[in-house]
**Student:** 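Take a look at the following structure, please.
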Amino acid sequence: MSRKLRTGLTAAGLLGPALALTCLFLLVPLTILFWVSLNEGYPASDGAGPLSLAGYVKVIADPYYLDILLTTILMALGITALALFFALPIAHFLARSQSRFKSVFLLAVILPLFVGNAVRAIGWMIALGERGVFNTIVTGLGFGGPYKIIYTGTAVLIGAAAVNLPYMVLTLQSVLERISPAVEEASISLGATPFQTWRLVTLPLMALGLLAACTLSFILSMNAYATPVLLGGPRFRMMGPAISDEIIVKNNWSVGAVLAFILILVTLTLTIALNKALTRGIAAPAR
């Protein structure tokens, strides 16, 4: 047996179980869900109705669902931008820190991941409520109030960004640690300012990590459920809660399945577009 054939068989043996599990627990449910989306009468018809794309046409033509989709996209972009704004300095500090308490700082970043999104959202409900921590501090300092934050898009933006922040920090920190500080020091010694060094040297070197962090945050935000439900309230609509309401509350499986596949398609399309835009934006200064 040739070496090339043995290598191929070894790779197939290693990838085979994972591929089988992926097909079983991901592709099979998605196939069933797609079949449901093509059957407008499901579950009343028990699968006996004709299959068509009419459900997709109705949903795309409905301003109600288009408004929910647009809100979801804008919120995902805003959440990603806000999380990135706070993640960059934290990640840079952790990557360059020589403190003996560095492990404690890393634990502080990782610790929120041990708590479920619903629990964290409830914590933000207490903090941002009309009589919560934020309004109590603002009112006590004489800045007016109480302010209406809970059950608004602002509350969802803050809560979801906090959920995504540890993922972005850990991703960026691992990439920054691979960049030698000597490269940045050399840039500064040649006359570049710290900002120019970051923009022209550090940023292009951490491009792949930045893309990975933004992509992860965007996908998580597009599919968020607990945070929009608990912090946004019944009037604030995003795709995750809308899909759940169609299937669980209204028992309208076909519309829920259509919304799910539209969300998947839009998320993939925008993720690819976002990656290309970020790649061009990062590569432009280097030229």
**Student:** Please report the shortest heavy-atom distance between Val156 and Leu231, naming the atom on each side.
**Tutor:** CG2-C, 4.0 Å
**Student:** Is there a donor-acceptor pair closer than 3.5 Å between any side-chain N or O of Ser244 and the backbone N or O of Pro241?
**Tutor:** no
**Student:** Please find the pair of heavy atoms, one from Thr227 and one from Ala121, that lie closest to each other, and give the distance.
**Tutor:** CA-CB, 4.4 Å
**Student:** Can you name the closest pair of heavy atoms from Thr197 and Ser187 and give their distance?
**Tutor:** OG1-OG, 3.0 Å
**Student:** For side chain to side chain contact (heavy atoms under 4.5 Å, CB included), just list the numbers for Asn39 and Ser254, CA-CA rounded to whole Å, side-chain angles, deciding distance to a tenth of an Å, and then say yes or no.
**Tutor:** CA-CA 6 Å; Asn39 194 325; Ser254 60; 5.9 Å; no
**Student:** Please report whether the ring centroid of Phe105 lies less than 6.0 Å from that of Phe93.
**Tutor:** yes
**Student:** Are Leu210 and Met168 grouped together when hydrophobic residues (ILVMFWY) are joined by side-chain heavy atoms under 4.5 angstrom apart?
**Tutor:** yes
**Student:** Flag the pair Cys214 / Thr80 as yes when at least one side-chain heavy-atom distance between them is below 4.5 Å, and no otherwise.
**Tutor:** yes
**Student:** Using a strict threshold of under 4.0 Å (side-chain N to carboxylate O), is an ion pair present between Asp67 and Arg237?
**Tutor:** no
**Student:** Got Pro181 and Glu185 here, is their nearest side-chain heavy-atom distance under 4.5 Å?
**Tutor:** yes
**Student:** Does Lys58 have more than 12 heavy atoms from other residues, nucleotides or ligands lying within 6.0 Å of its NZ?
**Tutor:** no
**Student:** I'd like to check the side chain to side chain contact (heavy atoms under 4.5 Å, CB included) partners of Thr271; sequence neighbours left out, ordered by chain and number.
**Tutor:** Thr215, Phe218, Ile219, Thr267, Asn275
**Student:** Taking atom CZ of Phe25 and atom CG of Leu30, what is their separation to the nearest 0.5 Å?
**Tutor:** 13.5 Å
**Student:** Of all the heavy-atom pairs spanning Ala162 and Pro166, show the shortest one and how long it is.
**Tutor:** O-CD, 3.3 Å
**Student:** Anything under 30° is parallel, anything over 60° is perpendicular, the rest tilted; go ahead and classify Phe134 against Tyr147.
**Tutor:** tilted
**Student:** Rounded to the nearest 0.5 Å, how far does CG of Leu230 lie from OH of Tyr225?
**Tutor:** 8.5 Å
**Student:** With side chains defined as the heavy atoms from C-beta onward, is the minimum distance between Glu130 and Lys148 less than 4.5 Å?
**Tutor:** yes
**Student:** Do Phe195 and Leu172 share a hydrophobic cluster (ILVMFWY, side-chain heavy atoms under 4.5 Å, transitive)?
**Tutor:** yes
**Student:** Go through the steps to decide whether Ile188 and Gln196 satisfy the test side chain to side chain contact (heavy atoms under 4.5 Å, CB included), and finish with yes or no.
**Tutor:** CA-CA 9 Å; Ile188 293 175; Gln196 288 175 329; over 6 Å; no
**Student:** Within the 4.5 Å heavy-atom criterion, are Leu170 and Leu113 side-chain neighbours or not?
**Tutor:** yes
**Student:** Could you tell me whether the side chain of Tyr56 reaches within less than 4.5 Å of the side chain of Leu38, counting heavy atoms only?
**Tutor:** yes
**Student:** In terms of hydrophobic clustering (I, L, V, M, F, W, Y; side-chain heavy atoms under 4.5 Å; direct or indirect links), are Val133 and Trp124 co-clustered?
**Tutor:** yes
**Student:** Please report the C-alpha distance between Leu211 and Leu274 in whole Å, then the side-chain angles of each, then the deciding distance to 0.1 Å, and finally whether the side chain to side chain contact (heavy atoms under 4.5 Å, CB included) criterion is met.
**Tutor:** CA-CA 9 Å; Leu211 290 175; Leu274 179 64; over 6 Å; no
**Student:** Counting C-beta onward and ignoring hydrogens, is there a side-chain heavy-atom pair between Leu94 and Leu106 closer than 4.5 Å?
**Tutor:** yes
**Student:** Do the non-hydrogen side-chain atoms of Met222 and Val266 ever get within less than 4.5 Å of each other?
**Tutor:** yes
**Student:** Which distance, rounded to the nearest 0.5 Å, do you find between the CZ of Arg96 and the CD of Glu184?
**Tutor:** 4.5 Å
**Student:** Is there side-chain contact between Pro146 and Arg131, with at least one heavy-atom pair below 4.5 Å?
**Tutor:** no
**Student:** Could you work out, with ring-ring contact (aromatic ring centres under 6.0 Å, His included) as the rule, every residue matching Tyr167, not counting sequence neighbours?
**Tutor:** none
**Student:** With a 6.0 Å cut-off on ring centres, are Phe236 and Tyr151 close enough?
**Tutor:** no
**Student:** Side-chain heavy atoms under 4.5 angstrom apart, residues restricted to Ile, Leu, Val, Met, Phe, Trp, Tyr: same cluster for Leu82 and Leu74?
**Tutor:** no
**Student:** Give me the atom names and distance for the closest heavy-atom approach of Leu176 to Ala95.
**Tutor:** CB-CB, 3.5 Å
**Student:** Can you tell me how far OH of Tyr65 sits from CD of Glu246, rounded to the nearest 0.5 angstrom?
**Tutor:** 3.5 Å
**Student:** Can a donor-acceptor pair be found, under 3.5 Å and without considering hydrogens, that links the side chain of Ser189 to the backbone of Ala186?
**Tutor:** yes
**Student:** On a heavy-atom basis, which atom in Asn135 and which in Thr139 lie closest, and how many Å separate them?
**Tutor:** O-OG1, 2.7 Å
**Student:** Could you go step by step and tell me if His92 and Leu88 meet the side chain to side chain contact (heavy atoms under 4.5 Å, CB included) rule?
**Tutor:** CA-CA 6 Å; His92 195 276; Leu88 275 173; over 6 Å; no
**Student:** Roughly how far, to the nearest 0.5 Å, is CD1 of Ile262 from CD1 of Ile60?
**Tutor:** 4.5 Å
**Student:** I need the Asn164 CG to Thr171 OG1 distance, nearest 0.5 Å.
**Tutor:** 10.5 Å
**Student:** Do you reckon Val201 sits in the same ILVMFWY cluster as Val175, going by side-chain contacts under 4.5 Å, direct or chained?
**Tutor:** yes
